[in-house]
Structure formats: C-alpha cells, structure tokens
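Before any comments, here is the structure.
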There are 2 protein chains.
Amino acid sequence: MEPRKRPGGRSARVRDAVRQATLAELAEHGYAGLTVENVAERSGVHKTTVYRRWGGVEGLISDALELAGEEPWPIPDTGSIEGDLRGIVQLVRNGFDDPELGPVSSAFVAAAIQDPAAARALHDFFAARHEQSAEVVRRAIERGELPDVVDPSEVIRVAVAPVYYRLFVAHEPVSEHDADRAAAAALAAARAGVL
Amino acid sequence: MEPRKRPGGRSARVRDAVRQATLAELAEHGYAGLTVENVAERSGVHKTTVYRRWGGVEGLISDALELAGEEPWPIPDTGSIEGDLRGIVQLVRNGFDDPELGPVSSAFVAAAIQDPAAARALHDFFAARHEQSAEVVRRAIERGELPDVVDPSEVIRVAVAPVYYRLFVAHEPVSEHDADRAAAAALAAARAGVL
DNA sequence: CTCCAAAAACAACTCCAGTTGCGTTATGTG
DNA sequence: CACATAACGCAACTGGAGTTGTTTTTGGAG
C-alpha cells in the first residue's frame with residue numbers, strides 16, 4: 001500500500017514552514033534577494049531538503065503562487081458597473097501600494113518574467129482573476145448597462161492594464177486618479193461596444 | 001591639461017565592444033542568463049575591466065538601455081487617428097514578436113523590475129516614447145477628430161497598456177486582433193472625452 | 001620622440017549558491 | 001509494537017561569480 005500522507009505529517013509541516021518563509025523573504029528582500037539558503041534558515045528546514053523538493057528559487061515561487069491563487073478576492077458589488085470597475089482597479093492599485101502585499105506581488109510579476117514555470121503559474125492566477133472579475137461585467141449586461149456584444153474579461157483587462165503598465169513597464173507612479181481614469185476608459189470603450 | 005578622449009581611443013573601443021556583446025548576450029540568453037564573464041569573453045575585454053567600469057550586470061543593462069533610448073522610432077502618419085493608433089500598437093506588438101528584438105526588449109523590462117538604476121533608465125525611455133507618440137493625438141485634436149480636453153500621452157498609455165499587460169503580467173499571447181482592439185478601446189475612450 | 005597618467009590586462013584569491021553521498025528520523029502499516 | 005521506507009538532516013565538496021593588488025599597455029601632451 002502506498003503510504004498516505006496526513007495533513008499533520010512531517011512533510012506537511014516542512015512544506016508549510018518553507019512556504020511561509022518564502023513569502024516572508026519575498027516581502028523583505030524581493031525576488032532578486034530570494035535565496036534558498038535564507039529560506040532554509042528562516043524555516044528551520046535544511047537547505048538540501050529545499051533543493052530536493054522545490055528544485056530552487058523558481059520552485060519556491062511557483063509553489064507560493066499556486067497557494068496565493070487559491071484564495072478568492074472580494075469582487076465589489078456596488079450596483080453599477082461604474083462603481084464595480086472602479087472598485088476592482090482600486091483594489092489592484094492598493095494591492096501594490098500596500099507595504100505588506102506590494103513587495104510579494106511585485107516579486108511574483110518579476111519572477112514570472114524570467115522563469116517559465118512561474119509564468120505559467122501567474123498565467124493561471126490571472127486567468128482565475130479575470131474570470132472572477134468578469135462577473136461584474138456580466139451583471140452589467142444583464143442590467144442593460146452594457147451591450148451584450150462586449151467580452152466581459154476583456155473589459156477587465158483593459159481596465160487594469162494601465163495600472164500594471166505604469167507600475168512594471170513605464171515605472172511611473174500610479175495615483176488614485178490614474179486608476180479611476182483607467183476604469184472610466186474601459187467603461188467608455190465597453191459602452192461604445194468596441195470591447 | 002586634461003587629456004581629451006577621442007572617439008577612436010581604446011576606451012571607446014572597449015565600450016562599444018562591451019555594449020555590442022551585452023546586446024548579443026541578452027538576445028541569446030535573456031536577462032537571467034546575462035553574466036559579466038560571458039560579456040567579457042564575447043567582447044574580448046577582460047572581466048575585471050567590465051566590473052570596474054560597469055560595476056556588474058545592472059550597469060551593463062542601464063548602459064545598453066540609454067543607448068537604445070537615443071534612437072527615435074517611426075511614428076506613423078496615416079491621416080486618421082484610428083490608423084495612427086493602430087500603427088503604434090502594432091509597432092509595439094511586432095517589436096516583442098520579432099525573434100531578434102523581442103528577447104532584448106523583454107530583458108530590459110525584466111531588468112527594470114529588479115534593478116532601480118535600470119528602472120530609472122526604462123522610465124526615461126518610455127517618457128521619451130510617450131512624448132513622441134503623443135504627436136499623433138495632438139494632430140488628431142488639431143484636425144478636430146478628438147476633443148481638446150484629452151491628455152495626448154494618456155491616450156498612448158491606455159492604447160499600448162493591454163499589450164504589455166498580456167505579455168509581461170498575465171502571460172497571454174497577443175494576437176493582431178488583440179492589439180487592434182486595444183487601440184480601438186483607447187480611441188473610443190478619447191472620443192468620449194474620459195482620457 | 002619622450003614620458004606621464006589613465007585605463008586595461010593579468011593572476012590569485014574569497015565567498016556563496018548549488019550538488020552529492022550517506023547517515024538519521026519519522027510516518028504509516030502489518 | 002516493530003519494521004520498512006520515504007523524507008529529512010548533515011558534512012564535505014564543486015564551480016563560478018565577483019574582488020583585490022599588481023603589472024602592462026596605450027593614448028596624447030609637451
């Protein structure tokens with residue numbers, strides 16, 4: 001018989017310790033400063049164990065990303081598509097502005113650009129987010145606020161894209177006003193039926 | 001008298017050789033695979049020289065970025081804001097699609113996310129591009145195609161942002177249709193006067 | 001042409017990420 | 001309760017990135 005793992009077993013404890021240490025290290029030193037040795041020391045797990053089970057920093061990132069992708073996030077329901085879209089975009093902006101979550105989220109983006117495995121994990125992460133967020137657009141279509149030809153997830157992408165673009169590509173600051181404007185632009189395009 | 005450097009001097013030769021080697025290495029191995037030793041060997045310059053003059057991989061990237069930012073790029077002039085915007089967004093898409101330029105451009109984005117100096121260099125690079133590209137919007141305003149309340153560079157940002165978002169954040173493929181749709185969305189928002 | 005200063009080359013070294021072989025411990029099963 | 005096995009811990013090793021002290025070359029001024 002194959003030995004069945006129990007949730008409280010040693011392996012499970014090691015995995016949780018390493019995951020938590022990875023997130024803590026990412027928050028403190030970012031992706032560039034993430035080393036297996038530091039994660040091993042912080043978690044109390046020997047570094048060879050980390051290397052064998054996770055393979056390296058890429059594995060640590062991918063694992064942490066899958067974990068982060070499992071928990072859903074609070075989609076707003078303000079009653080109007082305008083309020084909902086603004087809420088989503090502000091949620092994104094605040095997520096990176098926050099000194100706690102910001103570095104970790106940024107680290108995920110940085111990792112995915114360089115590592116194929118992390119890229120796949122981040123792709124799945126955003127696919128899930130798009131799917132969840134698209135609900136506000138579908139509701140707006142049902143209410144008759146938007147034409148039913150629009151692609152719900154595409155509206156989401158166009159709404160949040162300028163925030164990410166400023167943060168990770170152009171490296172410009174993102175004000176609340178910038179975020180609102182991005183949401184308004186996506187809404188205008190959706191109303192015009194071009195999305 | 002201070003000795004004046006001439007363009008053909010040894011230092012200039014070394015600098016050019018290292019710059020060219022850096023671009024070649026970036027194209028082949030990307031940012032993650034960029035090492036000072038490989039650049040040194042490829043350029044025929046000793047690695048200590050590279051370390052002392054450039055400081056490390058970050059310096060190599062920043063230097064190459066400044067170089068790339070100096071050359072302007074071909075802003076379209078099709079006669080209509082619709083054609084111009086589509087042209088710009090397709091230009092961006094093709095730049096990353098191209099097997100020659102793509103890896104280098106991607107490497108710049110990756111480097112800037114992790115290194116502050118590269119981030120500043122990329123910021124300046126995009127500021128220059130926004131300024132140049134905004135010309136097509138200013139022309140459209142003069143022609144009366146767009147209301148004069150719109151922010152020209154913001155239209156550019158919103159137009160290109162979805163392409164970068166798909167490429168570097170969500171890690172989704174970007175079709176020509178996707179690029180056109182992004183341009184159309186920015187245009188619709190600009191016509192509505194929300195940008 | 002000569003000589004000086006700056007920059008590059010060279011060699012030897014340090015340090016740390018990552019690997020390997022082996023011993024030890026814990027988990028679930030009979 | 002004892003045992004088999006998978007997972008972890010441990011120590012020693014490897015290799016390459018990055019550093020330092022010194023010597024050699026080169027460009028240009030007088």
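Naming convention: chains lettered A, B, ... in sequence-line order (proteins, then strands); numbering from 1 in each chain.
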Margin query: Measure CD/Glu41(A) against P/dA17(C) and give the value in whole Å, please.
Written below: 11 Å
Margin query: Ignoring hydrogens and geometry beyond distance, is a side-chain donor-acceptor pair present between Thr48(B) and His46(B) at under 3.5 Å?
Written below: yes
Next item on the list: Would you mind reading off the distance between Arg13(B) atom CZ and dT25(D) atom C1', rounded to a whole angstrom?
Entry: 11 Å
Note to self: Does this structure show an ion pair linking Asp178(A) with Arg181(A), if we count only N-O contacts that are shorter than 4.0 Å?
What the structure shows: yes
Notebook entry, point to check: So, does the side chain of Arg52(A) form a donor-acceptor pair with the base of dG18(C) at under 3.5 Å?
Noted result: no
Next item on the list: With DNA chain C as reference, determine whether Arg15(B) or Lys47(B) sits nearer its 5' end, using the nearest nucleotide of each.
Entry: Arg15(B)
Note to self: Whole angstroms only, please: what is the CG-P distance between Asn38(A) and dC16(C)?
What the structure shows: 11 Å
Check: Given atom NE2 of His46(A) and atom P of dA6(D), what is their separation to the nearest angstrom?
Finding: 22 Å
Item checked: Nearest-angstrom distance from the residue atom CD of Glu37(A) to P of dA17(C) -> 4 Å
Quick one: side chains of residues 121-128 of chain B, donor-acceptor pairs under 3.5 Å with protein atoms, not counting sequence neighbours, listed by atom name and distance.
from, atom 1, to, atom 2, distance (Å)
His123(B), ND1, Ala170(A), O, 3.3
His123(B), ND1, His171(A), O, 3.0

Checklist line | Value in whole Å for how far the P atom of dA9(C) lies from OH of Tyr51(B) | finding: 15 Å
Next item on the list: Assess the pair Phe96(B) and Tyr164(B): is the distance between their ring centroids shorter than 6.0 Å?
Entry: yes
Item checked: Residue whose nearest DNA chain C nucleotide is more 5′ - Val14(B) or Thr48(B) -> Val14(B)
Item checked: Which nucleotide in dA7(D), dA7(C), dT19(C) has an atom nearest any side-chain atom of Arg53(A) -> dA7(D)
Note to self: Could you tell me how far apart Trp54(A) (CH2) and dG18(C) (P) are, to the nearest whole angstrom?
What the structure shows: 16 Å
